[in-house]
Amino acid sequence: MKLDEIREQAEIDLRIDKGNLVQSSIDTPILVNKYFLILIDEARILKILNNKQAEVYKELYDYYLHLAPPEAYIERPFNRKILKSDVEMYIGSDSKYTDIVNKIETQRYKVKYLEEIIKQFNNRTFTVKNIIAEKQFNNGGY
């Protein structure tokens, strides 16, 4: 699921209908469940990407130290000898590695955003109580 899609759904779902506070309160567990399921899916994707990052790192590590199979150098020649201490720099600037790092960072933002949405839903009952208290106060209930 794309971050924009999550944001659009959250904008709708996080709204509290001040005219129907009871229904907003009743809907909260259902909405929390919805976002937990999305969070689980996105966290799984993050785990897969982290595993892929490790694979890409190992592949590039072998590549830059000339430990990769010979066919790797046919597809993508690398005729330099580099120091073992410089391998990290080469890997960090390799587009194959930076692509996966960027995907992981985007996925982390999604997971963090979903966690924050769930926190908002968990605080929803307090918000509903505050709205009720404000209505009572404005109507002379205190």
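Since the model is a prediction, treat every value here as computed from it, not as a measurement.
The number of heavy-atom neighbours closer than 6.0 Å to NZ of Lys103, taken from other residues, nucleotides and ligands shown, is 12 or below. The 12-atom threshold is not exceeded at CZ of Phe36, counting heavy atoms of other residues, nucleotides or ligands nearer than 6.0 Å.
Side-chain atoms of Gln23 do not come within 3.5 Å of backbone N or O of Asn20 as any donor-acceptor pair. Asn123 places a side-chain N or O within 3.5 Å of a backbone atom of Lys119 that can act as its donor or acceptor partner.
How far NZ of Lys47 is from CD1 of Ile104: 10.5 Å, rounded to the nearest 0.5 Å. To the nearest 0.5 angstrom, Leu114 atom CG is 11.0 Å from Leu37 atom CG. Separating the CZ atom in Arg15 from the OG atom in Ser24 is a distance of 12.0 Å, to the nearest 0.5 Å. Here CD1 of Ile91 is found 7.5 Å from OH of Tyr61. Values are rounded to the nearest 0.5 Å. The CD1 atom of Ile131 lies 12.5 Å from the CD atom of Gln136; values are rounded to the nearest 0.5 Å. In this structure, the separation between CD on Gln107 and CD1 on Ile45 is 5.0 Å, given to the nearest 0.5 Å.
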Criterion side chain to side chain donor-acceptor pair (under 3.5 Å) on Asn130 and Glu134, from CA distance to verdict: CA-CA 6 Å; Asn130 287 338; Glu134 178 191 11; over 6 Å; no
Could you go through Arg76 and Asp94, starting from their C-alpha distance and side-chain angles, then the distance that decides it, and tell me whether this counts as salt bridge (Lys or Arg N to Asp or Glu O under 4.0 Å)? CA-CA 12 Å; Arg76 190 174 153 203; Asp94 192 291; 2.2 Å; yes
Worked check of side-chain contact (heavy atoms from CB on, under 4.5 Å) between Val56 and Lys52: CA-CA 6 Å; Val56 169; Lys52 180 69 175 168; 4.1 Å; yes
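For the pair Ile6/Ile117, a side-chain contact is recorded, criterion being any heavy-atom separation below 4.5 Å from C-beta on. The shortest side-chain heavy-atom distance between Arg7 and Leu3 does not fall under the 4.5 Å cut-off.
Using a 3.5 Å distance cut-off with no hydrogens or angles, the side chains of Gln53 and Tyr97 do pair a donor with an acceptor. Donor-acceptor pairing under 3.5 Å is lacking for the side chains of Glu59 and Tyr64.
For Asp13 against Arg124, the heavy-atom pair with the smallest separation is O-NH2, 3.4 Å. Closest heavy-atom contact between Ile100 and Leu49: CD1-CD2, 3.7 Å. Taking all atoms of both residues into account, the shortest heavy-atom contact from Leu65 to Ile82 is CD2-O, 4.4 Å. Considering all non-hydrogen atoms of both residues, Thr98 and Gly92 come closest at CG2-O, 3.2 Å. Heavy-atom minimum distance, Arg80 versus Tyr90: NH1-OH, 3.3 Å. Heavy-atom minimum distance, Gln9 versus Met1: NE2-CE, 3.3 Å.
Linking Ile, Leu, Val, Met, Phe, Trp and Tyr whenever their side-chain heavy atoms come within less than 4.5 Å leaves Phe121 and Val128 in two separate clusters. Ile16 and Ile118 are assigned to two separate hydrophobic clusters, defined by single-linkage of ILVMFWY side chains at heavy-atom distances under 4.5 Å. Two different hydrophobic clusters hold Leu39 and Tyr109 under the rule that ILVMFWY side chains link at heavy-atom gaps under 4.5 Å. Residues Leu21 and Ile30 do not share a hydrophobic cluster, clusters being chains of Ile/Leu/Val/Met/Phe/Trp/Tyr side chains in contact below 4.5 Å. No continuous path of hydrophobic side-chain contacts links Ile40 to Ile38 [ILVMFWY only; heavy atoms under 4.5 Å].
Using a 4.0 Å cut-off between charged nitrogen and carboxylate oxygen, Lys112 and Glu116 count as a salt-bridge pair. Between Asp27 and Lys34 there is no salt bridge, since none of the side-chain N atoms of the basic residue sits less than 4.0 Å from a carboxylate O of the acidic one. Using a 4.0 Å cut-off between charged nitrogen and carboxylate oxygen, Glu105 and Arg108 count as a salt-bridge pair.
With sequence neighbours left out, Arg44 forms a salt bridge (charged side-chain N to carboxylate O under 4.0 Å, His left out) with Asp41. Under the rule for a ring-ring contact (aromatic ring centres under 6.0 Å, His included), the partners of Tyr63 that lie at least two apart in sequence or sit in another chain are Tyr73, Phe78.
Other residues sharing the hydrophobic cluster of Val22, ordered by chain and number and joined by side-chain separations under 4.5 Å: Ile26.
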